[in-house]
Engineer: 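Below is one structure. I have some questions about it.
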There are 2 protein chains.
Amino acid sequence: MAISRTEQKEKTRRAIIDATLNQLSVEKSFASLSLREVARGAGIAPTSFYRHFKDMEELGLTLVDECGLTLRQIMRKARKRFEKGGSVIQTSVYTFMEVMETHPNIFRLLFHERSGTTHALRKAVDREIQFFIVELTDYIQAVGYEKESAVAQAEAMVAIVFNAGAESLAAKPSQRKQIEQRVVQQLRYLAMGAKVLHLSRNG
Amino acid sequence: MAISRTEQKEKTRRAIIDATLNQLSVEKSFASLSLREVARGAGIAPTSFYRHFKDMEELGLTLVDECGLTLRQIMRKARKRFEKGGSVIQTSVYTFMEVMETHPNIFRLLFHERSGTTHALRKAVDREIQFFIVELTDYIQAVGYEKESAVAQAEAMVAIVFNAGAESLAAKPSQRKQIEQRVVQQLRYLAMGAKVLHLSRNG
DNA sequence: CTATTCAGCGTACAGGTGTACGCAAAAGTG
DNA sequence: CACTTTTGCGTACACCTGTACGCTGAATAG
C-alpha cells in the first residue's frame, strides 16, 4: 500500500478546498461558483465531490472555518508585535493588512458572504467576525472602559477596518499605504473620543 | 388609442424594475436573480426583456441609480429636520434608518453589490456611496476641519452607518433601536476624537 | 385610407447545472 | 487467501439558463 486511504482522502479534500480558493477573485465569488467548476479545478469528477462534502454549502462552511484560523493568526501576530512596543493601533492595522494581502481570497470570501444569500454561511462569517469583536472588546475593557462602551468601540473599529480591507483588496497596491494610514487616523479619532467622553463621565 | 406607445413602454419598464426589487430578499440577491425570473415576475415573456434592457447588468445599473435617489432623499429629509434643532448625529442616523426600513430591498442591493462580482455594478454603487461621503465631507469641512481630516471622518462615519444598516436589515425589528443607539454613540466617539485631536494640533 | 414601426410572444437551441445510479479498482480486514 | 469498504468515474437525466429568430397586432405617420 503506497498511500493510506485516509491520507489520500485528505489529499483530495485539500485539493477541493485549494481549488475553490484559487478560483475566487474579484470577478468570481464563492456564491457564483458551481460544484462542477470546483470539481474541474480540483481535477476530479463532479460526482466525486460528494465523497467529501454534502453540498456547496458545507464546503463554504469549511472555508469560513479556514478564515477563522487566519483571523486568529492576525491577532497572534499583532500581540507578538505589541511586545516590541510601538503604537497599538498602527501595529494592529498594519498586521491586519499584511495578513489580508497574503490571503486575499480568504478575505474576499469573508467580505462577500457576509452579505450573501446563504443563511448558514452568513451566520458562520458573523460568528468569526464576532469573535474578533469580542477579543477586541476584552482588550478595551481591560484598559478600563465599561462593557457597553467597549463593545461600541470594538464594533466600530472592526467596521472601519473591514470596510477599508475590502476597499484595499479592490484598490491598486500603490494606494494601499494611503488607505492604511487613513484607517489608523480613523481609529485614533474613535479611541480618543471614547477616552474623552469616558473621562467626562467618570471624572 | 387608449394608451400611447411610449406610455405603455414606460409601464412595462417600471414593471420590470418593480418586479426585480420585489424579488430581492435576504435569500435572493440581484446577482442570483435570472433574467427569466425577472421576466416572470414582471409578467412578460423572457425575450420581451430585451425591449427594455440590453442585459441584466443594464437593469442593475438602473436599480443602482434608483438607490442614488433614495440616498439623496435621506440627506434632504435629514437637512429639513436639522432646522428644527436637535442632535445632528442622532437626527442623521434616525433618518437613515427610517428611510432604509421603508426601502429595504434597495439597500439590500446596495450592500450586496458593493462587494459583488460585476465590475460595472460595483463601480456604480461606489459612486453613490462616494457621493454620500463627499456631501458629509463638505459639511465637516464647513465646520472648520481640514480636508484630510474631514474625509477621514466622513468615510469612517459612512462605514459605521452602512455596517450597522446591513446589520439592522438582517436583525429582528425589536433589536433595531439598540443598533441605532449604538451607532449614535460610535459616531459621537468619532466626532469628539476628531475635535480633540484637531484642537490639540491647531491650538 | 395605406404603410411603417415596434412592444411583446412563442418556439427553438445549445450549453450549463445538480445529482442519482452502478461499476471499477484499490485499500483495509480477518 | 477471500471478503468488505470506500474513493473515484462515467453515464444519464431532468431542469434551468440566455438568447436568436420570426411572427402578430396595435399604435403611429403620411
Side-chain angles (χ1 to χ4, degrees), chain A residues 1-20 22-25 27-63 109 112-113 116-121, chain B residues 1-20 22-25 27-63 109 112-113 116-121:
Chain A
M1 53 176 164
I3 298 174
S4 86
R5 228 179 220 165
T6 47
E7 210 173 328
Q8 174 57 31
K9 178 154 191 185
E10 182 54 27
K11 222 171 172 178
T12 35
R13 189 189 149 92
R14 279 297 339 159
I16 292 175
I17 292 175
D18 291 343
T20 309
N22 284 334
Q23 291 186 65
L24 294 183
S25 72
E27 294 92 7
K28 197 84 194 169
S29 70
F30 176 76
S32 73
L33 212 53
S34 73
L35 185 151
R36 285 173 112 106
E37 281 174 315
V38 170
R40 238 172 280 142
I44 61 171
T47 49
S48 299
F49 177 92
Y50 296 109
R51 301 285 184 204
H52 303 270
F53 300 98
K54 185 174 143 282
D55 50 24
M56 284 296 284
E57 181 174 313
E58 200 175 287
L59 170 58
L61 291 174
T62 305
L63 292 178
L109 180 78
H112 191 95
E113 296 314 319
T117 55
T118 320
H119 179 77
L121 270 186
Chain B
M1 53 173 167
I3 298 175
S4 87
R5 208 123 82 177
T6 49
E7 212 172 328
Q8 173 57 32
K9 179 155 190 183
E10 182 55 28
K11 223 173 172 176
T12 35
R13 188 189 149 91
R14 278 300 334 162
I16 292 175
I17 292 174
D18 292 342
T20 309
N22 284 335
Q23 291 186 65
L24 294 183
S25 73
E27 293 92 7
K28 197 85 194 167
S29 70
F30 176 76
S32 73
L33 212 55
S34 74
L35 185 151
R36 284 173 113 108
E37 281 174 315
V38 170
R40 238 174 280 142
I44 60 172
T47 49
S48 299
F49 178 93
Y50 296 110
R51 301 286 183 202
H52 303 271
F53 300 97
K54 182 173 143 285
D55 51 23
M56 284 296 283
E57 181 174 313
E58 199 174 287
L59 170 60
L61 290 175
T62 305
L63 292 178
L109 179 77
H112 192 95
E113 297 313 319
T117 55
T118 319
H119 179 78
L121 270 186

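Numbered from 1 within each chain, the chains take letters A, B, ... in sequence-line order.
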Engineer: Could you give the CD-to-C1' distance, from A:Glu57 to C:dG18, as a whole number of Å?
Structural biologist: 15 Å
Engineer: Flag the pair B:Arg13 / B:Ile16 as yes when at least one side-chain heavy-atom distance between them is below 4.5 Å, and no otherwise.
Structural biologist: no
Engineer: When the distance from CG of B:Leu33 to P of D:dG18 is rounded to whole Å, what number comes out?
Structural biologist: 9 Å
Engineer: Figure out the CG/P separation between B:Leu35 and D:dA20, and round it to whole Å.
Structural biologist: 11 Å
Engineer: Does any part of the side chain of B:Leu35, heavy atoms only, come nearer than 4.5 Å to the side chain of B:Phe53, both counted from C-beta?
Structural biologist: no
Engineer: Five pairs at each end of the helix from C:dC1-D:dG30 to C:dG30-D:dC1: take the axis at both ends and give me the angle between them to 10°.
Structural biologist: 10°
Engineer: B:Leu61: what forms a side-chain contact (heavy atoms from CB on, under 4.5 Å) with it, not counting sequence neighbours?
Structural biologist: B:Ala120, B:Leu121, B:Ala124
Engineer: Quick one: OG on B:Ser34 to NZ on B:Lys28, what's the gap to the nearest 0.5 Å?
Structural biologist: 7.0 Å
Engineer: Within this structure, what is the CG-CG distance for the pair B:Asp18 and B:Leu63, rounded to the nearest 0.5 Å?
Structural biologist: 9.5 Å
Engineer: Separation of B:Lys54 atom NZ from D:dT19 atom C1', in whole Å?
Structural biologist: 13 Å
Engineer: Starting at CG of B:Asp55 and ending at P of D:dA20, how long is that distance when rounded to a whole Å?
Structural biologist: 11 Å
Engineer: Grab the CZ-P distance between B:Arg40 and D:dC15 for me, whole Å please.
Structural biologist: 14 Å
Engineer: Could you state the interatomic distance from CZ (A:Arg40) to CZ (A:Arg36), rounded to the nearest 0.5 Å?
Structural biologist: 7.5 Å
Engineer: To the nearest Å, how far apart are A:Glu10 CD and C:dA27 P?
Structural biologist: 18 Å
Engineer: Measure CZ/B:Phe49 against P/C:dG10 and give the value in whole Å, please.
Structural biologist: 18 Å
Engineer: Measure across B:Gly41 and B:Ala19 and return the closest heavy-atom pair with its distance rounded to 0.1 Å.
Structural biologist: C-CB, 3.6 Å
Engineer: Can you find a heavy atom in the side chain of A:Lys9 that is under 4.5 Å from one in the side chain of A:His52?
Structural biologist: yes
Engineer: Reading nucleotides 5-14 of chain D from the 5' end, what letters show protein touch, with B for base, S for backbone sugar-phosphate only, - for no heavy atom under 4.0 Å?
Structural biologist: BBBBBB-B--
Engineer: For B:Lys11, look at atom NZ and say whether over 12 heavy atoms of other residues, nucleotides or ligands are found less than 6.0 Å away.
Structural biologist: no
